[in-house]
2 protein chains.
Amino acid sequence: MAKEITIYDIANQLQISPATVSRALNNHPAINEKTKVLVNTKADELGYRSNKFASNLRKQSTSTIGVIVPRLNSYIMSTVLAGMEKVANEEGFNLIISQSLESQKKEIANAQTMFNSRVDGLLVSVAFDTDSFEHFQPFLKKKIPLIFFDRILENNNCPSIVIDNTKAGYEATNHLIQQGRSNILHITGNLQRNVYADRLKGYQQALLENEIPFQKAFLWETALNLEAGKEVAQRIKAMPNRPDALFIASDLCAVACISALKEMGIDVPNDISVVGFNNDPVAQVIAPKLTTIHYPAKEMGEIAVKSMINHLKGTMNLDKTNAITLRSELIVRESSRIIEHSA
Amino acid sequence: MAKEITIYDIANQLQISPATVSRALNNHPAINEKTKVLVNTKADELGYRSNKFASNLRKQSTSTIGVIVPRLNSYIMSTVLAGMEKVANEEGFNLIISQSLESQKKEIANAQTMFNSRVDGLLVSVAFDTDSFEHFQPFLKKKIPLIFFDRILENNNCPSIVIDNTKAGYEATNHLIQQGRSNILHITGNLQRNVYADRLKGYQQALLENEIPFQKAFLWETALNLEAGKEVAQRIKAMPNRPDALFIASDLCAVACISALKEMGIDVPNDISVVGFNNDPVAQVIAPKLTTIHYPAKEMGEIAVKSMINHLKGTMNLDKTNAITLRSELIVRESSRIIEHSA
DNA sequence: CTGAAAGCGCTTACAG
DNA sequence: CTGAAAGCGCTTACAG
């Protein structure tokens, strides 16, 4: 078991050349079917496993796709990655995953590592504070395909895979207005990022259409995490004129906020209605259940990897593709359904 | 930019041999410091990047660690992976991650892929239904180190990284008993898995010490997910003699169960107290806040990779290590604090 | 401290 | 349909 079997061992035993063995193993069209069967049988018999390093070295490609995400341990990102892994695994590609921890500095280091690891392609969702495309230039120069997903960087000719955040933001806000709300506070993340900027656009558009003036004081930029949710509740409590609704761009933050509001004796949805974002499982297990936007995270991961592999294989050229937009959906639950008081 | 720089280019420009360049780049002790500086400066100047495939092919090692988890998108696993990625990244190792989706069959295929990718080491948390060690034998035969974490397979001489699940189960149950509970239902996962079997042991031990008889009817094996939590609530509602407490081996399941119980008009903690497991962020944002066991997921990931790398580098030999046990902790919150009714 | 040379295991242009 | 040969870019035992 100690010695590794190579194509030379197979060639020797079969009295054919290593070249033929290599071709047979790779299902080359010019090779006789009988030879292929012979070679594959012998390979199995000897316990042969292809040496990817020799093959990569020779072919100058790696069958590896790099992925950089802000963090691994968020509902959205771990679900996107689950989708990515599924497709990559099926297609015989490996994934190298790294996280920027929301810091451009670490993202730059990660991009560097991916470059040195010679990934065949790179999938990126950028950090909160990324404001430069510089660290991705080496990939373009080497014609290594680069696809952005979810949090994208614009104006760089790279395809992106996203949902229509503007539409989703519009639907969330419009829903609240339809429920009779007009003082709608919008809690969001770093507005440099498309996902948050676009949701804000949708929010503003819905206000405009309903002739509700947009107030800067009703737009709060936060870290959008659990702690931020609690702080938001504190700040709301201290307001002389409280909002009657919240549109929060992340479920976990929304849920933390609702929990804190309830502790303060503020009723959701009757005093304040809330709409979140993502359709995190947590949205279904709190009371009241959270109205939210369903985010197709798993599908996004699957499509990102599938597109990358098709592009690498030449099945589908991405050079002219600007964006692939997936469908999101408003899911109405109790947190925004105002109960009419009769009698 | 098209052509890749190699050590030969550096050697030519500096009029030294490629062997010296290679040694200088790898900081070989026998090389003159001045030469090292010269080589490194030139390498930077030319934009040299080492070719890992050539290097791996030659060295017969990969600086890659394989990870197989049941699923990527659970709080615990994505947090473990975040810890793993952090350390691997710092140490210059790559991670290849794949998920078994709780199926032994897929786990076998993944192990195969890892083997063919020639990972230097493998970290595994097994699927619900894994009942064989067969698919890991090839690694042992090739002396590729294998470490289990969280969900481990026993009796195979591989080191494991775990928490003391028995102790945690004991503490959770004992806490409920201290609160005056005695009809404690235990909701768990597949008992073939150490994590669930051990928590059950702890549960039984606490009952025994407090002279409460263990009843098989009070032990429910479920998928431990959100849906299972809802079903558990339904089943409890239908019971003629309801339990006065639940010890549920996963927070997400516990939270879904509490949510459903509340909808049925059953009060938590007064009618039924609940203790979960993991300290998922969701535990803090529901009402009542969930008492749970804090699981050191990030630390587990960090230690797993760190141990693997130290072993590979020869800094620390794992052959004699049986298990590394991390500290877990009971966190008491409202879901198990019974409010005394005065007057 | 440095160099010459072999070899890691594959793939593929060229030839037949 | 098959083979001989070169070469991908590195590392290291051996020699000096």
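Note on naming: letters A, B, ... go to the chains in the order of the sequence lines (proteins, then strands), and numbering restarts at 1 for each one. We use all heavy atoms of the structure for the numbers below, so side chains are in, but hydrogens, waters and symmetry mates are not.
The interatomic distance linking A:His28 (NE2) with D:dT2 (C1') rounds to 10 Å, in whole Å. Nucleotide C:dG7 holds its C1' atom 16 Å from the CD atom of A:Glu4, rounded to whole Å. Regarding B:Lys34, its NZ atom lies at a distance of 13 Å from the C1' atom of C:dC1, rounded to whole Å. In this entry the distance linking CG of A:Leu57 with P of D:dC8 reads 9 Å, nearest Å. Atom CD1 in B:Ile16 sits roughly 8 Å away from atom P in C:dT2 (whole-Å rounding). The NZ atom of B:Lys52 sits 17 Å away from the P atom of D:dG9 (whole-angstrom rounding). Going from atom CD1 of B:Ile5 over to atom C1' of D:dG9 covers 13 Å, rounded to whole Å.
When each of B:Gln192, B:Lys105, B:His135 is paired with B:Thr130, the side chain to side chain contact (heavy atoms under 4.5 Å, CB included) condition holds for B:His135 and for no other.
Relative ring orientation between A:Phe139 and A:Phe115 is described as perpendicular, the plane-to-plane angle rising above 60° on a 0-90° scale split at 30° and 60°.
Put simply, B:Thr35 has no side-chain N or O that comes within less than 4.0 Å of OP1 or OP2 on C:dC1. B:Ser55 has no side-chain polar atom (N or O) that falls below the 4.0 Å cut-off from OP1 or OP2 of D:dC10. Using a 4.0 Å cut-off, no side-chain N or O of A:Thr6 falls inside it from OP1 or OP2 of C:dG9. Within the structure, every side-chain polar atom (N or O) of B:Gln60 is placed at least 4.0 Å from both OP1 and OP2 of C:dG7.
Relative to the six-membered ring of B:Phe53, A:Arg118 misses at least one condition, a distance below 6.0 Å or an angle of at most 45° to the axis.
The backbone N or O of A:Ser132 sits less than 3.5 Å from a side-chain atom of A:Gln104, completing a donor-acceptor pair. Side chain of B:Asn89 to main chain of B:Glu85: no donor-acceptor pair is present (N/O by atom type, distance under 3.5 Å, no hydrogens or angles). Listed for the A:Asn26 side chain is no donor-acceptor partner under 3.5 Å among the backbone atoms of A:His28.
In terms of polar N and O atoms assigned as donor or acceptor, the side chain of B:Tyr8 never comes within less than 3.5 Å of the base of D:dC8 in a complementary pairing.
Residue A:Asn56 is classed as having no contact, given no heavy-atom separation below 4.0 Å to the nucleic acid.
One finds no salt bridge joining B:Glu90 and B:Lys306 here, because no Lys/Arg side-chain nitrogen approaches an Asp/Glu carboxylate oxygen to under 4.0 Å.
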Which pairs, protein N/O on one side and nucleotides 12-16 of chain C N/O on the other, fall under 3.5 Å?
| from | atom 1 | to | atom 2 | distance (Å) |
| --- | --- | --- | --- | --- |
| C:dT12 | O4' | A:Arg58 | NH2 | 3.1 |
| C:dA13 | N6 | A:Arg23 | NH2 | 2.5 |

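For C:dT12 and C:dG16, the C1' atoms lie 16 Å apart once the distance is rounded to whole Å.
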